[in-house]
Every structure is written in C-alpha cells, then in structure tokens.
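Notes follow once the structure below has been shown.
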Amino acid sequence: MKPATIFNRWLGFAFTRPEPGSANWYFRRDKLAVVCLFAILFMIFVALAAPILTPYPEQGLGDPNLGEKFLPPSVAHPFGTDDLGRDVLARVMFGARSSLIASFAIVSVAMVFGSVLGAIAGYFGGWIDELIMRITDIFLAFPPLLLAITIATVLEPSLRNSILAVAVTWWPWYTRIVRAQAVTIRERNYVKAARSIGVNDATIIRRHILPNVLGPVLVQATLDLGSALLTIAGLSFLGLGIQPPTADWGVMVSDGREYVQSGRWWIGLFPGLAIFITTLSFNLLGDGVQTATDPRIRSV
Amino acid sequence: MSILNYLIRRIGLALLVILGVMIITFFVSRVLPADPVRLFVGVRASEETVEAKRAEFGLDQPVPVQFLNYAGGILQGDFGISFRTKRPIVDDLKIFVPATLELVILSMVLAIVIGIPVGVIAAANRGGWIDQISRIVTIAGVSIPSFWLALLLQLLFFSTLDWLPLGGRLSREFIISNPIETVTGFYVIDGLVTGNFEAWRNALWHLVLPTFVLATYPISLTARMTRSSMLEVMSETYISAAQAAGLSRREILFKLALKNAIVPTLTVLGLVFAFSITGAILVEIVFSWPGLGTYVTESILSADFPVVMAVTLIVTVIYVAINLFIDILQATLDPRVRLGSQ
C-alpha cells in the first residue's frame with residue numbers, strides 16, 4: 001500500500017471532517033467516548049514507555065528495595081511503596097502491560113476463532129451447522145469464570161495460559177453473531193455468482209463472508225475488551241495468572257488485602273483504580289461505538 | 001412448534017450440556033493429573049499403599065468404566081472424596097452451597113428492586129440528566145472489579161469507621177457461645193426459625209457488604225437492560241395510542257410498557273443469576289465468606305481436583321437449570337420465542 005492510501009484509510013478517518021450522518025460523525029458527537037479512546041491510547045503509551053517514565057524501572061520489573069517498605073504516598077512515591085519497598089506507581093505502570101496485552105489477546109483469539117467457525121456453520125448449513133452450533137451451546141452453558149478457573153488450574157499458571165483459559169470461554173459469542181449474518185449473506189447474488197463460476201468454498205468464506213461480517217464483530221470486540229480485562233484481572237487476583245515478581249494489577253490488589261487491617265490502603269487501592277479506569281474506558285468506548293454504528297439506537 | 005415440542009427440545013439440550021460438562025470434569029479430575037492417587041496419599045506413601053488406594057477408588061479400571069462409575073456416583077449424590085480434607089465432598093457442599101446461595105439470592109433481590117425501577121425511570125427521561133447519570137453509574141457498575149470494590153468498602157467501613165465486620169458469616173463470640181442451628185443452611189431463615197435473634201442480627205450485619213458488592217453488577221446490568229427494552233417498547237404504536245387516549249404517564253410506563261419490556265429483562269436476570277454464582281468466588285475470598293468460592297479456591301491452591309470439578313459441575317447444573325427455567329418462562333410469556341425457533 002502507498003503511504004497516501006494508508007493515510008486516507010486510517011489516519012484520514014481520524015483527522016478529516018466526517019460526513020454528517022456517518023458512524024464516525026455520530027461517534028465524535030459522543031464526547032465521553034472520544035475521551036475514553038484517548039484514555040486508552042494514554043494507557044498504551046504508559047505501558048510502552050514505563051521504563052522511561054518512572055525513576056524506578058528496576059522496581060517496576062520486580063527488584064525489591066527493602067529499605068523503603070510501606071511508605072505512604074509522598075512526592076517521591078505518589079502511590080506509596082509496597083511490602084518489598086517497591087514504588088507502587090512504577091508497579092502500576094508496568095502492570096498495564098500484562099493487563100492490556102491480555103485483554104487484546106483474549107478478544108483477538110476469540111474473535112478470529114469464533115468468527116471462522118461461525119462463517120463455516122452459516123455458509124455450509126446442514127449437519128456441519130448443527131454440529132458447530134450444538135458445541136457452541138455447550139460452551140455457552142458453561143459458566144465462563146469457572147471454566148477459565150478450571151482450565152487455569154490444570155495448566156501451569158502464566159500469562160499465556162490464563163489468556164488461553166479465558167479465550168476458550170469467549171469464542172462462542174462470535175460464532176453466534178457471525179453465523180446469523182453468514183446465513184443471510186450466503187443467499188446474496190454475488191455469493192451465488194462466485195459459486196457458479198467455480199470459486200472454492202474456502203475462498204468464498206474468506207473473500208465474501210468474513211469481510212461482510214466485520215462490522216458487527218468489531219463492535220462486539222470493542223464491547224468485550226472491558227469484560228476481558230475484568231476476567232483476566234480476576235484470574236490473576238486468584239493467583240492463576242501471571243506470576244510475581246512481574247507487576248500485575250490483579251496480583252497487586254490481592255497483595256493489598258493483607259494490609260486492610262493495618263490500614264495501608266495505598267497498596268491495593270491504586271492498582272484496582274487502574275483496572276477500574278481502564279475497564280470503564282473500554283466499556284464507555286464500546287458503548288459509544290455501538291451507539292454510533294447502530295441506526296436503531298443512536299439518538300438524533 | 002408446540003410448547004411441548006419446544007420443552008422437550010430444550011430439556012434435551014440441557015441434559016446434553018450436563019453430560020458434556022461431566023465428561024470434561026471427569027477428564028480434568030481423573031485423567032489429567034499425572035497420578036491422582038499419589039496426590040491423595042502424599043509423596044511419602046509406599047508403593048503398596050498407592051496400589052491399594054488405586055484399587056479402592058477404582059482407578060485401576062479402564063477409563064470408560066471409570067467414567068460410568070463416576071457418573072453413577074454423581075447421580076446418587078456421591079462426588080468422591082476431597083484430597084485435602086479427606087471428607088466426602090458432598091458433606092462439605094451441604095455447608096457451602098447455602099452460604100453462597102444466600103449471598104446470590106439476596107443480591108438478585110436487590111437487582112430486581114433497584115435495577116428495574118432505575119431502568120424504567122431512565123427510559124422515561126431519555127436524554128435527560130437522570131438518564132445521563134444512570135448511564136454513567138451503571139457503566140461504572142459493570143466496570144468495577146468486585147474484589148477491589150470489596151477491598152475499598154472494607155477499608156472504609158471496617159478499618160476507618162469500624163461500623164461493619166471485616167468478613168465471615170458470624171462473629172466469633174456467636175460461633176462459640178450461640179451459633180445459629182442449621183435448619184436450611186440459610187442464616188437469614190435459620191436465625192428466625194430457631195428464635196436466635198441476637199445471632200440473626202449479627203448475621204445480617206455480616207451480609208451487608210458482601211451482598212452489596214455482589215449486587216453491583218446485577219443491579220447495573222438489569223437497569224441497562226430494562227432501559228433499552230423499555231425504549232424499544234415505548235416506540236411502538238400501542239403506546240402512542242395509549243398516550244392519545246389520555247392514560248397517565250405512570251400507567252403507561254409501569255403497566256403497559258414494562259409488561260412487554262420485562263421479557264428481555266428476565267433473560268438478563270437469569271444470565272446475571274448464573275454469573276453471580278461464579279462472581280461470588282471473588283467476593284467470598286475477600287470477605288472470608290465460607291461458601292463455594294472459598295472452598296473452590298482453597299482446593300485450587302492445594303491441587304484438590306475432585307473438589308474443583310465437583311464445584312464446577314454443581315455450579316454448571318445450577319447455571320443450566322436457571323437458563324432452562326428462563327427459556328421456558330419466556331416461551332410461555334412470549335409466543336414469538338417458540339414460533340421463531342421453528
């Protein structure tokens with residue numbers, strides 16, 4: 001792709017004035033959703049630049065600093081220090097990495113896997129459809145957090161395995177959405193035309209079905225980012241996710257529980273606040289995207 | 001499709017799901033661990049003890065036979081023995097299941113009495129400031145990590161104000177001198193039935209924070225769902241007709257519109273009920289609530305697979321049963337549901 005094309009397609013979307021009545025135009029009228037988009041971009045920036053932004057990068061990565069245990073918030077340590085004397089702000093910044101990676105990874109894996117299955121079920125119909133959808137029903141009937149806990153228990157606790165455990169519970173939703181769409185797209189004339197000139201099924205699914213279901217799937221993905229983050233934080237809170245000394249928000253809140261009685265509130269408060277703000281931004285963004293792209297619910 | 005056919009199809013699917021879950025839990029608890037017997041007897045036991053135990057548990061038989069034994073046991077209420085406590089799992093469940101259900105049911109009550117009215121009022125004031133505030137509060141409600149909210153409330157109401165207990169179901173002095181006798185396992189009921197009002201009040205104080213934390217998500221989701229289905233119903237012509245006929249706003253909202261808007265809300269309530277049973281795991285841990293969540297996490301930490309799988313199975317059965325109930329209720333209330341599945 002030429003640079004000019006990339007500009008028009010992607011950056012142009014952000015910088016040019018949208019046509020009134022388009023989804024982009026509706027989205028930008030939702031100031032709260034736009035603010036949330038920037039909040040998420042800011043979080044991604046913090047996660048990437050954490051080693052430069054904090055004066056204590058080695059503590060962020062896990063090195064103890066036993067001389068400064070349990071210091072309350074101050075100018076030198078705005079979020080205080082934890083049980084090993086590490087700067088909580090630095091830990092929160094580094095903790096953004098695993099949380100963001102996990103939520104994007106869960107949603108991507110579930111989206112790709114679920115969409116392909118849904119497209120296959122909807123396109124072929126018949127017994128293939130029946131089989132895939134009954135398996136989907138079984139997975140949907142399984143309580144997601146519990147299934148994730150079960151899988152994470154059997155596997156070694158790590159970031160990759162916890163992502164896997166949550167993604168396994170997530171794909172059926174995409175299968176349902178895509179199948180419903182694929183069933184109608186299958187009957188369109190361009191698909192029939194492609195089939196009549198002998199295009200093979202895999203190509204039709206790839207070229208005609210999947211691109212046409214992308215819209216609703218991406219909206220669902222945006223809506224799911226927040227709950228994916230909450231679920232992965234819950235797993236690491238239980239000790240089934242990423243392992244210390246790597247910084248992680250869920251693990252940090254879990255550490256904070258031990259200091260409720262001694263009143264050392266800063267250890268658990270700030271990492272939890274980070275989870276809350278990031279999830280809230282994801283959810284408000286998803287809500288804004290959904291409203292902007294759905295003509296039935298956007299208010300005029 | 002007649003309602004009978006729909007019922008048969010739906011119940012068949014539910015049974016299929018439960019069978020699927022049983023196969024999964026069986027494989028995880030019996031086949032996946034390198035040697036479950038070794039986990040049970042400990043590393044220092046002799047080879048003979050291991051073999052004796054293996055025969056006792058029937059683990060020397062072929063896998064399909066083992067599965068039939070496992071499934072047969074469960075149908076008779078035998079979930080096996082815990083590696084950790086060495087007690088039959090079913091005895092533990094009798095204590096922990098009511099503790100969890102007590103929390104979940106109370107938080108569902110809150111979701112209904114708070115969530116539905118908030119959704120109706122927000123829809124009636126669409127775009128107004130009440131609607132805006134309720135949008136932000138309810139999105140915040142589904143975004144807040146329950147385990148963190150629990151921690152914050154402990155810091156405020158226990159550490160700072162000292163108004164409410166830190167956790168547990170009952171204070172230690174009551175557990176020792178004046179415990180609530182078990183009738184149903186629900187302290188809210190048992191305390192009253194046995195006339196132990198002191199302990200009953202104490203149990204209520206212990207319920208406040210965990211119930212509120214667990215209810216945050218259900219309340220918010222119910223309010224959001226009620227709002228959007230109310231908006232959908234309000235745009236229909238029969239509402240305009242009622243307005244033209246001069247019915248009061250109150251009558252239109254709560255009598256005409258809510259009646260139809262309640263069907264999708266019911267689905268959400270069912271989903272949320274099921275979600276709360278697993279959501280309770282995180283809340284119970286923070287409040288040291290002696291329920292399924294605490295039981296299952298302690299078992300995870302000690303690699304007590306039979307317990308983890310028994311709890312998974314129980315929760316799934318409850319989950320499937322609720323979904324089945326809601327689907328049937330929906331099909332009864334709204335003929336479009338069963339006609340649509342033709």
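Values below: all heavy atoms of this structure, side chains included; hydrogens, waters and symmetry mates excluded. Letters A, B, ... mirror the listed sequences (proteins, then strands); counts begin at 1.
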Exercise. With sequence neighbours excluded, tell me which residues meet side-chain contact (heavy atoms from CB on, under 4.5 Å) with A/Q243.
Key: A/P157
Self-check item: side-chain contact (heavy atoms from CB on, under 4.5 Å) assessment of B/L152 paired with A/F276
Solution: CA-CA 12 Å; B/L152 290 187; A/F276 177 45; over 6 Å; no
Quiz item: About how many Å separate CG of A/L238 and OG1 of B/T297, when rounded to the nearest 0.5 Å?
Solution: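 B/T297 atom OG1 to A/L238 atom CG measures 6.5 Å (nearest 0.5 Å).
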Self-check item: Residue from A/T279, A/N283, A/T278 passing side chain to side chain donor-acceptor pair (under 3.5 Å) with B/S143
Solution: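 The passing option is A/N283.
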So which residue, [options], ends up with the most heavy-atom pairs under 4.5 Å with chain A?
options                        : value
B/L19, B/L151, B/V142          : B/L151
B/I285, B/I136, B/V311, B/V320 : B/I285
B/L149, B/V21, B/N323          : B/V21

Chain A contact via [X] - which portion, at a heavy-atom distance below 4.5 Å:
X      : result
B/I281 : side chain
B/V296 : neither
B/I277 : neither
B/L166 : side chain

Quiz item: chain A contacts: which residues in residues 154-164 of chain B have a non-hydrogen atom closer than 4.5 Å to it?
Solution: B/Q154, B/L155, B/F158, B/S159
How far apart are the closest heavy atoms of [X] and [Y], and which atoms are they?
X      : Y      : value
A/G272 : B/P145 : O-CG, 4.2 Å
A/D287 : B/R224 : OD1-NH2, 3.2 Å
B/W148 : A/L269 : NE1-O, 3.0 Å

Exercise. Using non-hydrogen atoms and a 4.5 Å limit, figure out which bit of A/I135 sits close to chain B: side chain, backbone, both or neither.
Key: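 Neither the backbone nor the side chain of A/I135 comes within 4.5 Å of chain B.
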Quiz prompt | Contact origin within A/L32 toward chain B - heavy atom pairs under 4.5 Å | solution =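 For A/L32, the contact with chain B is made by the side chain alone.
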Practice problem: Report yes if some heavy atom in the side chain of A/F237 is under 4.5 Å from a heavy atom in the side chain of B/L282; otherwise report no. | Solution: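 In contact.
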Practice problem: Report yes if some heavy atom in the side chain of B/Y217 is under 4.5 Å from a heavy atom in the side chain of A/L230; otherwise report no. | Solution: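 No, side chains not in contact.
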Quiz item: Counting only heavy atoms not in A/R134, do more than 12 fall under 6.0 Å of its CZ?
Solution: yes
Self-check item: Residue, of A/G234, A/G263, A/P271, that accumulates the most heavy atom pairs under 4.5 Å with chain B
Solution: A/G234
